[in-house]
Amino acid sequence: MSDSRDPSDIPFPDDEREPGSDDDTPLPDGLNFHRLPPADEDLPEDTREDIPADLTDDRVFDDRPISQRASARQAPPGDGGVNAAWLDGLNPQQREAVLSTEGPLLVLAGAGTGKTRVLTTRVAHILAQRRAWPSQMLVVTFTNKAAREMRERTLALIGPEGEGLRWFGTFHSVSAQILRRHAELAKLKSGFTVLDTDDQLRLIKQILEAEGIDQKRWTPRYLASLIDGWKNRAIWPEKLPPEEGRQFAEGKGVKLYQLYQNRLATLNAVDFGDLLLHTIRIFTEHPEVLAEYHAKFKYILVDEYQDTNVAQYLWLRLLAQGSNNICCVGDDDQSIYGWRGAEVDNILRFEKDFPGAKVIRLEQNYRSTAHILAAASHVIAQNTSRLGKTLRTDAGEGDLVKVRGVWDGEQEARLICDDITSWKQSNRRYAECAVLVRASWQMRAFEERFIVTGTPYRVIGGPRFFERQEIRDALAYLRLIRSEADDLAFERVCNTPKRGIGDTTIQKAYVAARELNTYLTRATDMMIRGDEIRGPAKTGLRRFLIDMERWRTQAGDTEHPRLLEIILEESGYTDMLQADKSPQAQSRLDNLKELVRAMGQFGTLNEFLEHVELVMDNAEGSNSHDQVQILTLHSAKGLEWPMVFLPGWEEEVFPSRRSLDEQGAKGLEEERRLAYVGITRARERAYISFAANRQIYGRWTSVLPSRFVDELPAQHVDAVSETGYVAPSGGFYGSEVKSQWDRPSSTAAREDSAVFDNTSAGRASPLSPLKGGTAGGSGSGGGFRGGYDSPGWRRAQEASATRGATRPPDIEGRAFRSGDSDGRPLQRGKTPGDMLASSDPAASSGLQPGQRIFHEKFGYGRVTEIDGAKLTVAFDKAGVKKVVESFVKRV
DNA sequence: TTCTTCACGCTTTTT
DNA sequence: GCGTGAAGAA
């Protein structure tokens, strides 16, 4: 049995020989597998010393703990044929997708059609059939999370034998693995650093500064996004079309791009885009290297193919030229990352790109009820550039998709929160509910409401663990210990905590470093020996260099988690945070503790840093709590909930105005796909809502319902309006409105009442858009951003005109009303500012003077005075008294 | 060097 | 309306 070892335990490239090579001992099932190659010279010393002498030679190549080795050496499950148990639960299309192992294959997997199941079963099937060793499978995804989950699910099918699935990761992590092996071909050393966005930005800033470019007119961020875009399209500086370069600083774009690349090279660093770019270049310029990988990868599987950019496409195509066994799984209708370079075209063109490709559609949906699926399908059907699918479900009709017109974001949040409360009261869980927003500013209204009502919630997304300031600072210290030449790390921490080293000193250091052709650590060392600098800067710098040197020495004989603790202690970083009384400081300290703990899981400091540079994972994983989830539509992809809320379906919010302005029709289609993604997240219930007025960037803005509301199919929708206004055309304005409010007889009566009274008859007939409110410009708070002559406003006017609609009631309309829909009396005010008072925490949460509160920014305090929307609060921190309008939480 | 003041611009997010 | 980031003042 020892011959059935998976060669994947042996470091590449020695494991590329395939099953069936002629010099092999026959296996029990008659297939030929090759013998192991001789001992590998490249293996790190410590791994070898680890091996007990009595083990047979095959274990020499296994660097896993001994406990895991025995199981890994068993033969794969299955008999080389088809594992019936795996296939039993699959529908015919899924089965075909699993079994069509040879040649290019595109699996068009609609939302909720069991895409991951097909992918994992396919991998397991190929392994069980012994068509390839685990190490000969290349499986690429976009996120580390997806890779991890998919790997786990595959292992659950095939067992520990699949542990050799080493080429199972993101485009970037696989590229990094490849690039480390051939770094010299890209003029890099194999220990190169991978810069993240922040480093990238600082580098660009330095270059702009050096080139004397006005950074107000030409922001580093803009150049970074251009460079990113070029890299997404696999364009090197020398290949950059001149007109592209002209987009930045009067034609200096190309030069700056080149300078940036040069700078990366001298730093022995790459950015994320480079990982793919260098790999592609190596493949094209060194056919022998590409051939190695051709021989290696028998099967290639790609997840979320619709999200690939040009570089990723080229990368895949180069690799797929070998075996031609490439299987891409994706859904053109869920391509929502165009703005970061994804090309829907890649998936639309698949059959052309890979001649002889087979296309299999997965159309059986296992997630949503019929109404939900129908609504989503109807909306997405309005897109023109799509391959087209017809989703089916056996889940039954279920509830209609509920569409709600509301007055403003505050009411929207309140109604949604009420729905969630009754859901919870009917013995369901908070965690089964999700609020999906287009932009993160929309989250605030929900958080405020959830805090007031005590509804547990969790915001998903936000700054990731490794991108937080304190974590990046700590990592910079460690990077500087690893390599004293890491100038970016040096600059980041030399004055954190404050050591009196300011911009001037840093500038001097850079000049000196350039003159001496060395890095900052050495340049500053020279400087403090001379008298170019003096005073606090000199003392601070000297202290910093001495500290660094000491830690570097200690690094040799200290456990690396302990080393970080020492650094944080001795540098004064911990003291700095402890002295900081702001509420974030405590969580920063906690994060650092978490970092120290996480480091313990890695053998060496280097290992840890390598991991961190690529795997920027969100370290918060507390799924155990029963909490409502708040997240953006983008981060909702791949997830699902029984109850899904889709608020803010208003023109210019969703579809996003910028998307339309910048991308036109293409942008609109992408926004519509986002709508499709949103609706299809729901298993049982979907609630869509749009407001008449919304506060955007602190300004009251009159908004129109999203065109996507109009596109919803009437027969699958239950439309209710709190405002007396329902989307004026198409959709549920059509003939067969399946809503209890479709009673033409009462239309006339409501024409007058609806605007001012939404308590009883405030639900309009979808057949008859209501008059009322005032046309556009009359309201003080009305108007689109940019005024009534802005493109946005004109567009909205045109849209209204085509749809024969009147404007929704203005904010004034509401001010005259006597009561709100849920019985809470309105404030007397007439202006939006006064309206704000009604949603103000002081009013709605019943705060009293003397009450203890917690403020997001200022921390704990005590209310001293309440005046309308304004709270005067004495904060514990240094006894500051502040007038607070933004949200406070009662303690 | 650090504190204050004004201007700007403001999706979506991974690696 | 708010936070960031760059320029000016102490």
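Model, not experiment: these values are computed from the prediction. Residue numbering restarts at 1 for every chain, and letters A, B, ... go by the order of the sequence lines.
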Interatomic distance, A:Leu674 CG vs B:dT11 P [rounded to whole Å]
15 Å

Between B:dT15, C:dG1, B:dT13, which nucleotide gets closest to the side-chain atoms of A:His172?
B:dT15

Could you state the atom-to-atom distance from CZ of A:Arg221 to P of C:dG3 in whole Å?
17 Å

Under the rule for side chain to side chain contact (heavy atoms under 4.5 Å, CB included), what residues qualify as partners of A:Ser385, not counting sequence neighbours?
A:Leu348, A:Glu669

For A:His634, the ring-ring contact (aromatic ring centres under 6.0 Å, His included) test, sequence neighbours excluded, returns A:Tyr337, A:Trp339

According to the 5.5 Å centroid and 30° plane-angle thresholds, does A:Phe171 stack upon the nucleobase of B:dT15?
no

Short heteroatom pairs, N/O only, protein and nucleotides 8-10 of chain C, under 3.5 Å:
none

To the nearest angstrom, how far is A:Lys145 atom NZ from B:dT14 atom P?
10 Å

I want to check one thing: is the phosphate of B:dT1, taken as OP1 and OP2, less than 4.0 Å away from some side-chain N or O of A:Thr504?
yes

Test of understanding: with side chain to side chain contact (heavy atoms under 4.5 Å, CB included), list the residues that count as partners of A:Pro497, not counting sequence neighbours.
A:Tyr477, A:Arg499, A:Ser571, A:Tyr573, A:Met576

With sugar-phosphate meaning primed atoms plus P, OP1 and OP2, does A:Ala176 contact a base, only sugar-phosphate, or nothing at under 4.0 Å between heavy atoms?
nothing

A:Asn495, nearest nucleotide to its side chain (from B:dT2, B:dT15, C:dG1)
B:dT2

Across the strands shown, which category fits A:Glu671 at heavy-atom distances under 4.0 angstrom: base, sugar-phosphate, nothing?
base

Quick one: which protein N/O atoms are closer than 3.5 Å to N/O atoms of nucleotides 5-10 of chain B? Pair and distance per line, please.
{"residue": "B:dC10", "atom": "OP2", "partner": "A:Arg658", "partner atom": "NH1", "Å": "3.1"}

Below 4.0 angstrom from OP1 or OP2 of B:dT1, is there any side-chain N or O of A:Lys538?
no

Using a heavy-atom cut-off of 4.0 Å across all strands, would you classify A:Gly273 as base, sugar-phosphate, or nothing?
nothing

What orientation do A:His172 and A:Phe272 show, parallel under 30°, tilted 30 to 60°, or perpendicular over 60°?
perpendicular

For B:dT11, does the glycosidic angle fall within 90° of 0 (syn) or outside that (anti)?
syn

Find the distance A:Glu670:CD to B:dT12:C1' and express it as a whole number of Å.
9 Å

Looking only at side-chain N and O atoms, does A:Ser440 come under 4.0 Å of OP1 or OP2 in B:dT12?
yes

Just how far, in rounded Å, is P of B:dT14 from CD1 of A:Ile336?
11 Å

Sequence neighbours left out, cut at 3.5 Å: what donor-acceptor pairs do the side chains of residues 212-219 of chain A make with other protein atoms?
{"residue": "A:Asp214", "atom": "OD1", "partner": "A:Lys216", "partner atom": "N", "Å": "3.0"}
{"residue": "A:Gln215", "atom": "NE2", "partner": "A:Glu209", "partner atom": "OE2", "Å": "3.4"}
{"residue": "A:Thr219", "atom": "OG1", "partner": "A:Tyr222", "partner atom": "N", "Å": "3.1"}

Minimum heavy-atom separation for A:Cys494 to A:Ile506, with atom names?
SG-CD1, 3.4 Å

Comparing A:Ile501 and A:Arg438 on DNA chain B - which has the more 5′ nearest nucleotide:
A:Ile501

Measure CD/A:Gln663 against P/B:dT11 and give the value in whole Å, please.
15 Å

Does a side-chain N or O from A:Asn144 land closer than 4.0 Å to OP1 or OP2 of B:dT14, or not?
no

From the set B:dT12, B:dT2, B:dT1, return the single nucleotide nearest to any side-chain atom of A:Lys498.
B:dT2

Where at least one partner belongs to residues 651-676 of chain A, residue pairs that pass ring pair (Phe, Tyr, Trp, His ring centres under 6.0 Å), sequence neighbours excluded:
A:Trp649-A:Phe654, A:Phe654-A:Phe708

Of the candidate nucleotides B:dT13, B:dT1, B:dT11, which contains the atom at the shortest distance from the side chain of A:Ala439?
B:dT11

Which part of the nucleic acid, if any, lies within reach of A:Ser635 when heavy atoms closer than 4.0 Å are counted: base, sugar-phosphate only, or nothing?
sugar-phosphate

P-based separation of C:dC2 from B:dT13 [nearest Å]
23 Å

Taking for each residue the nucleotide of DNA chain B with the nearest heavy atom, is it A:Thr170 or A:Arg499 whose nucleotide lies nearer the 5' end?
A:Arg499

Applying a 4.0 Å non-hydrogen cut-off, can you work out what A:Lys205 is touching in the nucleic acid: base, sugar-phosphate, or nothing?
sugar-phosphate

Sugar-phosphate, base or nothing in reach of A:Ser656, heavy atoms under 4.0 Å:
base

Should A:Glu610 and A:Arg180 count as an ion pair when the cut-off is N to O under 4.0 Å?
yes

Neighbour count >12 (heavy atoms, 6.0 Å) for atom CZ, A:Arg221
no

Separation of A:Asp228 atom CG from B:dT12 atom C1', in whole Å?
15 Å

Is it the case that A:Arg694 places NZ or CZ above or below the six-membered ring of A:Trp700, under 6.0 angstrom from the centre and within 45 degrees of the axis?
no

At 4.0 Å (heavy atoms only), tell me whether A:Thr505 reaches a base, stays on the sugar-phosphate, or touches nothing.
sugar-phosphate

State which residues pass salt bridge (Lys or Arg N to Asp or Glu O under 4.0 Å) with A:Asp228; sequence neighbours excluded, sorted by chain then number.
none

Sequence neighbours left out, what passes salt bridge (Lys or Arg N to Asp or Glu O under 4.0 Å) with A:Lys538? Give chain and number order.
none

How close or far is atom C1' of B:dT11 from atom CZ of A:Arg444, stated in whole angstroms?
18 Å

